[in-house]
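What follows is a set of notes on a single structure, which appears directly below.
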Amino acid sequence: MKKLFTLFVASLLTLGLYAERKEVHILSANDMHAQLAYMPALADIADSLRTLYPELLVFSAGDNRTGDPLNDMNEIPAYPMVALMNQIGFNATALGNHEFDSGPQGLARLITLSNFSYLCANTHPDDSLGIHLLPCKTFDVEGIRVSVVGAVQLGTHGIPDSHPDNCRGISFEPYEEAVQRYAGLRDRSDVMILLTHIGFEDDVALSAKVPWVDLIIGGHTHTQLKGGEIHNNILITQNANKLKKVTHITLVLERKDAEPWLIVEKKAENIDVRSHQGKNKVVQDMVRFFSDNPSFQRVLAQLEKPLSTAEELGCLMCDAFIAETGADVGIENLGGVRYEEHDAGNFTVSDVLRLDPFGNDAVMMEITGKELANMLVSCYENDDHQFPYVSGIICDVEHDTKDPLKLKKLTLKTLDGKKFDLKKTYKVVTNSYVASICDAPRSDQGHSINIKTADLIISFLEHQGSLDYQGKKRIFEH
């Protein structure tokens, strides 16, 4: 009996010698949208994880750029984010639709300056453009072969959500078809990952068609998941935009003897970037440098006279909105005008970025005059009882004498003082903040036109040469 027990124990020990267990650790971000201020915290998170897991992989699911003008208006557009991602040690990124925002030449230049790979299986640039994409890439993590296939969303015109001019010379195909060409990688890989910028619902739908995949790291819809979700045996992760959170993914693999590795556990946990206390000092210094770039002192126009009120600056901003988009009416919330005075003389890029620092999208909608009036009232009621600035119209605002915060009557007029047609449909452009807080019913909720309001102001000023906004006033409150 004793001999049998000894043999049994020996057998277990022998099996244990041949049983291997390894882990693959991934830090993933998506839709960072050039949030330079939070990159030192992200770098510290990566550093901390690498202390525990030296073979950490760091991936982005796209839209690394477009959101902070300090990045997007750099002399080399979007280079600050590339430099910071290089320093942090990103291994790869998917192409997001905003990666196309500086056009084919801009994208080619950014890729050349990047130390990480750009993965996209359904994007095929003309060779003459010099856009060096990879459809997939395999990483070795302590002998574990991790293969990653990239994909980007396509809009109704068969291109990513960007201006068509930004995609000239580049052909696209449906991502469902493109990724299937790499199903054969399963036989040569221990882990299969899709790095996508197609949106959470489409990730879920795609998971039913790719049983050979273990993990989908997604972006585009800014869907905040609690860690991740399992769909069709595939772990799917995604976070809200602008570096609010990132995800630490752990894949546990086991094998016995010479058998293939098997993933026996998948875990995903969110890490809050905004509240993270640590900061990587090198990345902090890089952010300071990019924030003080001399290119931001570029003169855009000359102010003939000094400005001394927020409304004068608000009128300038709203005029820029309609001049650069062809809209009939422009709206800017009072809190969106970040200073009240400007000396006569140079108006620089830096002045614009200080005036409009939020990286808001410009939003266009087509609504009736009545819906516009209701929208303005809603903005007042939902923005600390501050009436917004406008362009293209004059607003006569009458307050209730018993309750000064309550609006008694709003009358809209044309710029020459005539009656405003409340039944006519108008093109209205505003920022994404105003569009979101104005909850009055309207037939068109609006859509982003894929440009930042700060960019509209910069372009407007460049076209003016000189301008005079002293005394401009379109809101008359009594």
(request) Using modelled atom types only, decide if a donor and an acceptor are shared between the side chain of Lys279 and the backbone of His276 within a distance under 3.5 Å. (result) yes

(request) Considering non-hydrogen atoms only, spot the tightest contact between Val179 and Ala151 and give its length. (result) CG1-CB, 4.1 Å

(message) Please check this pair: side chain of Asn333 against backbone of Pro388, looking for a donor-acceptor N/O pair closer than 3.5 Å.
(response) no

(request) Supply the atom-to-atom distance Leu300 CG to Phe460 CZ, rounded to the nearest 0.5 angstrom. (result) 11.5 Å

(request) Could you tell me whether Arg442 atom CZ has more than 12 heavy atoms of other residues or ligands within 6.0 Å of it? (result) yes

(message) When you compare the side chain of Lys370 with that of Lys423, does any pair of heavy atoms fall below 4.5 Å?
(response) no

(request) For residues Gly392 and Ile322, report the shortest heavy-atom separation together with the two atoms involved. (result) N-CD1, 4.3 Å

(message) For Asp127, I'd like to know if atom CG has over 12 heavy atoms of other residues, nucleotides or ligands within 6.0 Å.
(response) no

(request) Verify the distance criterion only: is there a donor paired with an acceptor across the side chains of Asn431 and Thr453 at less than 3.5 Å? (result) no

(request) Please check if the distance between the ring centroids of Tyr389 and Tyr469 is under 6.0 Å. (result) no

(request) Please report the closest heavy-atom contact between His342 and Asp351, naming both atoms and the distance. (result) NE2-OD2, 3.0 Å

(message) Taking the ring of Phe116 and the ring of Tyr118, is the distance between their centroids below 6.0 Å?
(response) yes

(message) Would you say that Leu407 contacts His399 through its side chain, given a criterion of any heavy-atom pair below 4.5 Å between the two side chains?
(response) yes

(message) Parallel, tilted or perpendicular, judged at 30° and 60°: which one describes the rings of His98 and His33?
(response) perpendicular

(request) To the nearest 0.5 angstrom, please state how far the CZ atom of Phe90 sits from the CG atom of Leu42. (result) 5.0 Å

(message) Would you say NZ of Lys244 has more than 12 non-hydrogen atoms from neighbouring residues, nucleotides or ligands within 6.0 angstrom?
(response) yes

(request) Indicate yes or no: does Glu75 engage Arg298 in a salt bridge with an N to O separation below 4.0 Å. (result) no

(message) Using modelled atom types and a 3.5 Å cut-off, is there a donor and acceptor pairing between side-chain atoms of Ser171 and backbone atoms of His124?
(response) yes

(request) With rounding to the nearest 0.5 Å, note down the distance linking NE2 in His385 to CG in Leu405. (result) 5.0 Å

(request) Verify whether one side chain among Thr221 and Glu201 offers a donor that lies under 3.5 Å from an acceptor in the other. (result) no

(request) Might you point out which heavy atoms bring Leu412 and Gly369 nearest each other, and give the distance in Å? (result) CD1-O, 4.1 Å

(request) Kindly indicate whether the side chain of Leu467, heavy atoms from C-beta on, has any atom under 4.5 Å from the side chain of Leu303. (result) yes

(request) Flag this pair as yes if the NZ/CZ of Arg274 is under 6.0 angstrom from the six-membered ring centre of Tyr38 and inside a 45 degree cone about the axis; otherwise no. (result) yes

(request) Tell me yes or no: between the side chains of His197 and Asn97, is some donor less than 3.5 Å from an acceptor? (result) yes

(message) Between Thr348 and Asn346, do the side chains contain a donor N or O and an acceptor N or O under 3.5 Å apart?
(response) no

(message) Name the residue from Ile331, Val329, Leu415 that meets the side chain to side chain contact (heavy atoms under 4.5 Å, CB included) definition with Ile393.
(response) Val329

(request) List in chain and number order the residues that pass salt bridge (Lys or Arg N to Asp or Glu O under 4.0 Å) with Lys245, two or more places apart in sequence or in another chain; answer none if no residue qualifies. (result) Asp272

(message) Using the salt bridge (Lys or Arg N to Asp or Glu O under 4.0 Å) criterion, which residues pair with Asp44? Sequence neighbours excluded.
(response) none

(request) Verify the distance criterion only: is there a donor paired with an acceptor across the side chains of Asn450 and Asp161 at less than 3.5 Å? (result) no

(message) Measuring from atom CG of Leu119 to atom CD1 of Ile193, what distance do you get when rounded to the nearest 0.5 angstrom?
(response) 10.5 Å

(request) Nearest 0.5 Å please: distance from the CG atom of Asn71 over to the CD1 atom of Ile76. (result) 11.5 Å

(request) Identify the heavy atoms of Gln224 and Asn239 that sit nearest to each other, and give their distance. (result) NE2-OD1, 2.8 Å

(message) Please verify the inter-ring angle class for Phe420 with Tyr426; under 30° counts as parallel, over 60° as perpendicular, anything in between as tilted.
(response) parallel

(request) Of all the heavy-atom pairs spanning Asn382 and Ile437, show the shortest one and how long it is. (result) ND2-O, 3.0 Å

(request) Please confirm whether the backbone N or O of Glu173 pairs with a side-chain atom of Asn122, one donor and one acceptor, at under 3.5 Å? (result) yes

(request) List for me each residue that meets side-chain contact (heavy atoms from CB on, under 4.5 Å) alongside Glu340, sequence neighbours excluded, and say none if there are none. (result) Ala310

(request) Please say which of Val428, Leu422, Val377, Val390 ends up in a side chain to side chain contact (heavy atoms under 4.5 Å, CB included) with Leu372. (result) Val428

(message) If we ignore hydrogens and angles and just use 3.5 Å, is the side chain of Asp31 paired with the main-chain N or O of His220 as donor and acceptor?
(response) yes

(message) Taking Asn374's backbone N and O only, do any of them form a donor-acceptor pair with Ser378's side chain (distance below 3.5 Å, no angle check)?
(response) no

(request) Measure from the side-chain N and O atoms of Gln238 to the backbone N and O of His222, and report whether any donor-acceptor pair falls under 3.5 Å. (result) yes

(request) Go through the side-chain N and O atoms of Asn241 and Asp63 and say whether any donor and acceptor fall under 3.5 Å apart. (result) no

(message) Within a 6.0 Å radius of atom CG on Asp421, are there more than 12 heavy atoms belonging to other residues, nucleotides or ligands?
(response) yes

(request) Decide whether Ser102 and Arg65 meet the rule of one side-chain donor and one side-chain acceptor closer than 3.5 Å. (result) yes

(request) State, with a plain yes or no, whether a side-chain heavy atom of Tyr53 is found less than 4.5 Å away from one of His248. (result) yes

(message) Check whether Glu366 reaches the backbone of Asp444 with its side chain - one donor and one acceptor, N or O, closer than 3.5 Å.
(response) no

(message) Treating Asp126 as the side-chain partner and Ser128 as the backbone partner, does any N or O pair qualify as donor plus acceptor under 3.5 Å?
(response) yes

(request) Say whether, by atom type as modelled, one donor and one acceptor occur between the side chain of Asp356 and the main chain of Ala454 under 3.5 angstrom. (result) yes

(message) Does Glu304, at its CD atom, have more than 12 non-hydrogen atoms belonging to other residues, nucleotides or ligands within less than 6.0 Å?
(response) yes

(request) Answer yes or no: is there a side-chain heavy-atom contact under 4.5 Å between Pro125 and Leu133? (result) yes

(message) Are the side chains of Leu107 and Ile111 in contact, using a 4.5 Å heavy-atom criterion?
(response) yes

(request) Using side chain to side chain donor-acceptor pair (under 3.5 Å) as the criterion, point out the one residue from Thr223, Thr237, Thr196 that pairs with Asp203. (result) Thr196

(request) Run the salt-bridge test on Arg474 and Asp319 with the 4.0 Å N-O cut-off and return the result as yes or no. (result) yes

(message) Distance check, rounded to the nearest 0.5 Å: Ser391 atom OG versus Met317 atom CE?
(response) 12.0 Å

(request) Check whether the side chains of Glu324 and His463 place a donor and an acceptor atom closer than 3.5 Å, and report yes or no. (result) yes

(message) Taking the side chain as everything from C-beta on, heavy atoms only, tell me whether Met39 gets closer than 4.5 Å to Gln87.
(response) no

(request) Can you establish whether the number of heavy atoms outside Lys406 located under 6.0 Å from its atom NZ is more than 12? (result) no

